[in-house]
Colleague: 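Below: one structure in structure tokens.
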Amino acid sequence: GNESKLTLKRWTESSRWTFENKWYLLEAEESFSHNDYEAAKVFYKHAISSAKLHKFVHEEALAYELAAYFYLELGEMEQSMEYFLAAHERYHEWGAFGK
């Protein structure tokens, strides 16, 4: 785990365009799993923003979806629903109609 995470971090440093949103999403999920909810919120937002900025629509959709499950777990239903709807829109934009 940690070695793979360090590898992804190095890739991010050499090619932010391609790997930054993936690293943020990994950090968000790890923070969530360690009950560090404030850090997770920040990392989910960064993952979404980075994917959007670099036009990775499918990865933006995934970040929205995982953030929606995170907010659902916290009982923040409005935020969760907003993110599920955004994920659905991005998946649809990408052409994944079965999602």
Side-chain angles (χ1 to χ4, degrees):
N2 282 335
E3 187 175 324
S4 296
K5 188 176 163 187
L6 289 173
T7 299
L8 182 58
K9 180 66 173 163
R10 282 194 302 273
W11 291 349
T12 300
E13 291 166 356
S14 69
S15 180
R16 286 183 57 202
W17 180 275
T18 305
F19 297 105
E20 181 180 69
N21 70 297
K22 297 166 186 63
W23 184 79
Y24 282 137
L25 191 55
L26 180 63
E27 287 293 314
E29 290 287 289
E30 183 177 51
S31 295
F32 181 22
S33 73
H34 291 133
N35 300 320
D36 186 354
Y37 301 133
E38 292 307 311
K41 286 179 183 182
V42 170
F43 285 125
Y44 282 120
K45 286 181 183 178
H46 286 321
I48 291 165
S49 296
S50 178
K52 181 177 185 142
L53 176 67
H54 299 118
K55 309 218 184 300
F56 289 113
V57 177
H58 61 298
E59 293 176 2
E60 183 184 358
L62 178 62
Y64 269 122
E65 181 180 5
L66 293 175
Y69 283 114
F70 165 74
Y71 283 105
L72 184 65
E73 185 72 23
L74 295 183
E76 296 184 27
M77 299 305 168
E78 283 186 41
Q79 186 69 53
S80 178
M81 184 56 69
E82 181 182 321
Y83 277 22
F84 275 127
L85 290 173
H88 178 76
E89 290 170 0
R90 296 322 176 282
Y91 281 126
H92 192 267
E93 181 181 340
W94 185 52
F97 301 109
K99 212 35 180 152

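All residue numbers refer to positions in the sequence shown, counting from 1.
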Colleague: Contact between Glu59 and Ile48 at the side-chain level, heavy atoms closer than 4.5 Å - yes or no?
Modeller: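 Glu59 vs Ile48: side chains apart.
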Colleague: Is the distance between the ring centroids of Phe32 and Phe43 under 6.0 Å?
Modeller: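 Distance test on ring centres: not under 6.0 Å, no.
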Colleague: Strictly below 4.0 Å, N to O, side chains only: are Glu65 and Arg90 in salt-bridge contact?
Modeller: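 No.
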Colleague: In the structure I gave you, are the side-chain heavy atoms of Tyr24 and Phe19 within less than 4.5 Å of one another anywhere?
Modeller: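 A side-chain contact is absent here, since even the closest heavy-atom pair is not under 4.5 Å.
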Colleague: Does a side-chain heavy-atom distance below 4.5 Å link Phe84 with Tyr69?
Modeller: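 They are in contact (side-chain heavy atoms under 4.5 Å apart), so the answer is yes.
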Colleague: Could you tell me the separation between the CD atom of Glu13 and the CZ atom of Arg10, rounded to the nearest 0.5 Å?
Modeller: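 With rounding to 0.5 Å, CD (Glu13) is 8.5 Å from CZ (Arg10).
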Colleague: Does Lys5 pair with Glu27 as a salt bridge, N-O distance under 4.0 Å?
Modeller: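 Yes, this pair counts.
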Colleague: Give a yes or no answer on whether the side chain of Lys22 reaches the backbone of Thr18 with a donor-acceptor pair at less than 3.5 Å.
Modeller: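 Indeed, once roles are kept as given, a pair shorter than 3.5 Å links the two residues.
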Colleague: Would you find more than 12 non-hydrogen atoms of other residues, nucleotides or ligands less than 6.0 Å from Glu73 atom CD?
Modeller: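 12 or below, so no.
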Colleague: Between Ala47 and Asn21, what is the shortest heavy-atom contact and its length?
Modeller: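 Heavy atoms only, the tightest pair is O-CB, 3.6 Å.
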Colleague: What distance separates Met81 CE from Met77 CE, expressed to the nearest 0.5 Å?
Modeller: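 Result: 9.0 Å between the selected atoms.
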Colleague: Is a donor on one side and an acceptor on the other found under 3.5 Å between the side chain of Thr7 and the backbone of Glu3?
Modeller: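 Here the side-chain-to-backbone pair exists.
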Colleague: Out of the candidates Tyr71, Tyr83, Tyr44, only one should pair with Leu66 under the side chain to side chain contact (heavy atoms under 4.5 Å, CB included) rule; please name it.
Modeller: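 The residue from Tyr71, Tyr83, Tyr44 that satisfies side chain to side chain contact (heavy atoms under 4.5 Å, CB included) with Leu66 turns out to be Tyr44.
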Colleague: Output yes when a side-chain donor or acceptor of Ser49 lies under 3.5 Å from a complementary backbone atom of His46, and no otherwise.
Modeller: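 No, Ser49 side chain to His46 backbone: no donor-acceptor pair under 3.5 Å.
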Colleague: Does NZ or CZ of Lys52 fall inside the cone over Tyr64's six-membered ring, less than 6.0 Å from its centre and within 45° of the axis?
Modeller: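 No, Lys52 does not lie over the aromatic ring of Tyr64.
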Colleague: For a quick test of reading the model, state the closest non-hydrogen atom pair linking Glu20 to His54 and the distance between them.
Modeller: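 Between these two residues, the closest heavy atoms are OE1-CE1, 3.6 Å.
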Colleague: Applying a strict under-4.5 Å side-chain criterion to I, L, V, M, F, W and Y, I'd like to know whether Leu25 and Trp11 cluster together.
Modeller: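 No; tracing contacts between hydrophobic side chains, which count when under 4.5 Å, never links both residues.
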Colleague: How close do Ala39 and Ser31 get, heavy atom to heavy atom, and via which atoms?
Modeller: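 Shortest heavy-atom separation between Ala39 and Ser31 comes out as CB-OG, 3.8 Å.
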Colleague: Could you go through Tyr91 and His58, starting from their C-alpha distance and side-chain angles, then the distance that decides it, and tell me whether this counts as ring pair (Phe, Tyr, Trp, His ring centres under 6.0 Å)?
Modeller: CA-CA 6 Å; Tyr91 281 126; His58 61 298; 9.1 Å; no
Colleague: Check whether any side-chain N or O of Thr12 sits under 3.5 Å from a backbone N or O of Leu8 as a donor-acceptor pair, and report yes or no.
Modeller: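 A pair under 3.5 Å: yes.
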Colleague: Go through Phe70 and Lys41 one step at a time and tell me if the side-chain contact (heavy atoms from CB on, under 4.5 Å) criterion holds.
Modeller: CA-CA 9 Å; Phe70 165 74; Lys41 286 179 183 182; 3.5 Å; yes
